[in-house]
There are 2 protein chains.
Amino acid sequence: MLRNQSPEIVVGRLPLYLRMLEFLKKEGKLITSSQELAERLGLSSAQIRKDLSYFGEFGKQGTGYNIEYLQRQLREILHVDRVWEMALIGAGDLGRALAHYQGFVPEGFRLEAIFDNAPKKIGAQVGDLLVLSMSELPRVVREKKIRVAILAVPADAAPAVAATLVELGICAILNYAPITLNVPSGVRVYHLDPVVGLQNMAYYL
Amino acid sequence: MLRNQSPEIVVGRLPLYLRMLEFLKKEGKLITSSQELAERLGLSSAQIRKDLSYFGEFGKQGTGYNIEYLQRQLREILHVDRVWEMALIGAGDLGRALAHYQGFVPEGFRLEAIFDNAPKKIGAQVGDLLVLSMSELPRVVREKKIRVAILAVPADAAPAVAATLVELGICAILNYAPITLNVPSGVRVYHLDPVVGLQNMAYYL
DNA sequence: TAGATTGTTAATCGATTAACAATC
DNA sequence: TAGATTGTTAATCGATTAACAATC
């Protein structure tokens, strides 16, 4: 695959395209166009065509894009044409909410285990998982070859847990802790902080 | 205030600066520099100076930035030098986790009420709030002059709820539903979807 | 064929970086 | 004063958009 420009920002939009394609499919559509996608997503049709063209030719002139086909292609590009096992760290309110979330599996991810270091929580049932001690983390990550983790611990615990995850070979961390994590290059962190979103929007209030 | 370029992307970084300043303060620091902030945040020092200079002059040559002072200035710029009341829609697992979250108030936001339309949930105690019926939403929003909402309902319910929120005059929506919301200009939506983050990172796996 | 829409090029627009005078 | 760091300018870099030939 040719990579003559960094696609980081483009890759960031592909999951949105994938989500919208699923939505359109549920509306009964079989075909869509860059214009329809653009309108629904609040982007320009040129941007969508350009983004897609970076990875290949997926449409037909005069017709548009076959939704199923484009979904398959995008899933392949994003490597979500398989299921990635995940470790969830933190069995607090948020951790339990994530453990109950049904939306991961259809999109290429599955929670394999949930960890906490509070003795009161260890052994508790959460969804169809039992909360394991943090001391089990290395073994589970190794045995299940886990490469993705969700971090749902308080901010003050996050740096140490992140360091452990990195050491165990985790290379993608979905971080719910309200703190900027310092990780080596090669490890990716995606940050989800409600306060960052709220403060951002507050500027415009 | 002069606005000769769109600061959207800059405004998006200010909450990160604010969060890092708090972190440095907790380490006992009184002063920081664009270089220190840059290293900790993984940005360039030039970018941080440029971002700040867009809103004013907050530093001293040779010295750097007084942390407390810069925090106060950034809070004022972002309009989080006050507390915004919020309505939370959805009393599922995620809604309850958000209702228990202690991190909103120190950052300028407070949950005023939580709503759901499931009869089983209405009246339940969640944190120190009682779950109210959706039919109460208009009254509460009006009486408390609420302008910010958190949407924590399933994707299929989200568009209708968002439309209601917009109609009631809500102008900032923190959206946890995995769907792109269509709102009029003037209403801002900040999207938090774990799957989007995971799929984005999966590209690099 | 006529109409529609893609994929792609070139132009435009905007964001980041490098460099440095100003100054603490 | 010497050293450090800001605020700002100009240069660079990258992303978006407009336009259109190709083609279904």
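Note on naming: letters A, B, ... go to the chains in the order of the sequence lines (proteins, then strands), and numbering restarts at 1 for each one.
- Contact between the side-chain N/O atoms of A/Tyr65 and the OP1/OP2 oxygens of C/dG7 is found at a separation under 4.0 Å.
- B/Lys144 and B/Glu85 are not joined by a salt bridge, as no carboxylate oxygen comes within less than 4.0 angstrom of a charged side-chain nitrogen.
- For the pair B/Lys50 NZ and D/dT8 C1', the computed distance is 7 Å after rounding to whole Å.
- At a threshold of 4.0 angstrom between heavy atoms, the contacts of B/Ser45 with the nucleic acid are absent.
- In this structure, A/Tyr54 places its OH atom 13 Å from P of D/dT16, rounding to the nearest Å.
- If you measure from atom CZ of A/Phe58 to atom C1' of C/dT5, you get 17 Å, rounded to the nearest angstrom.
- Annotation: of the two residues near DNA chain D, A/Lys60 and A/Arg49, the 5′-most nearest-nucleotide partner is A/Arg49.
- The shortest side-chain heavy-atom distance between B/Leu137 and B/Ile89 falls under the 4.5 Å cut-off.
- Taking for each of A/Leu43 and B/Thr63 the nucleotide of DNA chain D with the nearest heavy atom, the 5'-most of the two is the partner of B/Thr63.
- Atom pair B/Ile9:CD1 and D/dT16:P shows a separation of 9 Å (rounding to whole Å applied).
- Between A/Gln61 atom CD and C/dT8 atom C1' the separation is 11 Å, expressed in whole Å.
- An OP1 or OP2 oxygen of C/dT16 is reached within less than 4.0 angstrom by a side-chain nitrogen or oxygen of B/Gln47.
- Distance A/Phe55 CZ to C/dT8 P: 14 Å, rounded to the nearest Å.
- With hydrogens and angles disregarded, a donor-acceptor distance shorter than 3.5 Å links the side chain of A/His100 to the backbone of A/Arg96.
- The environment of B/Glu36 atom CD is dense: over 12 non-hydrogen atoms of other residues, nucleotides or ligands sit within 6.0 angstrom.
- For the pair B/Leu52 CG and C/dT17 C1', the interatomic distance rounds to 16 Å; values are reported in whole Å.
- With rounding to whole Å, B/Asn66 atom CG is found 16 Å from C/dC24 atom P.
- Taking 4.0 angstrom as the limit, B/Ser34 places a side-chain polar atom (N or O) nearer than this to OP1 or OP2 of D/dT6.
- Both distances falling under 3.5 Å, in either a Watson-Crick or a G-U wobble arrangement, place C/dT17 opposite D/dA10.
- For C/dA22, the paired base is D/dT5 (Watson-Crick or G-U wobble, both distances below 3.5 Å).
- Applying the 4.0 Å criterion to OP1 and OP2 of C/dT17, one finds that B/Ser44 has a side-chain N or O inside that range.
- Checked by atom type and distance alone, the side chain of B/Glu39 never pairs as donor or acceptor with a backbone atom of B/Leu37 at under 3.5 Å.
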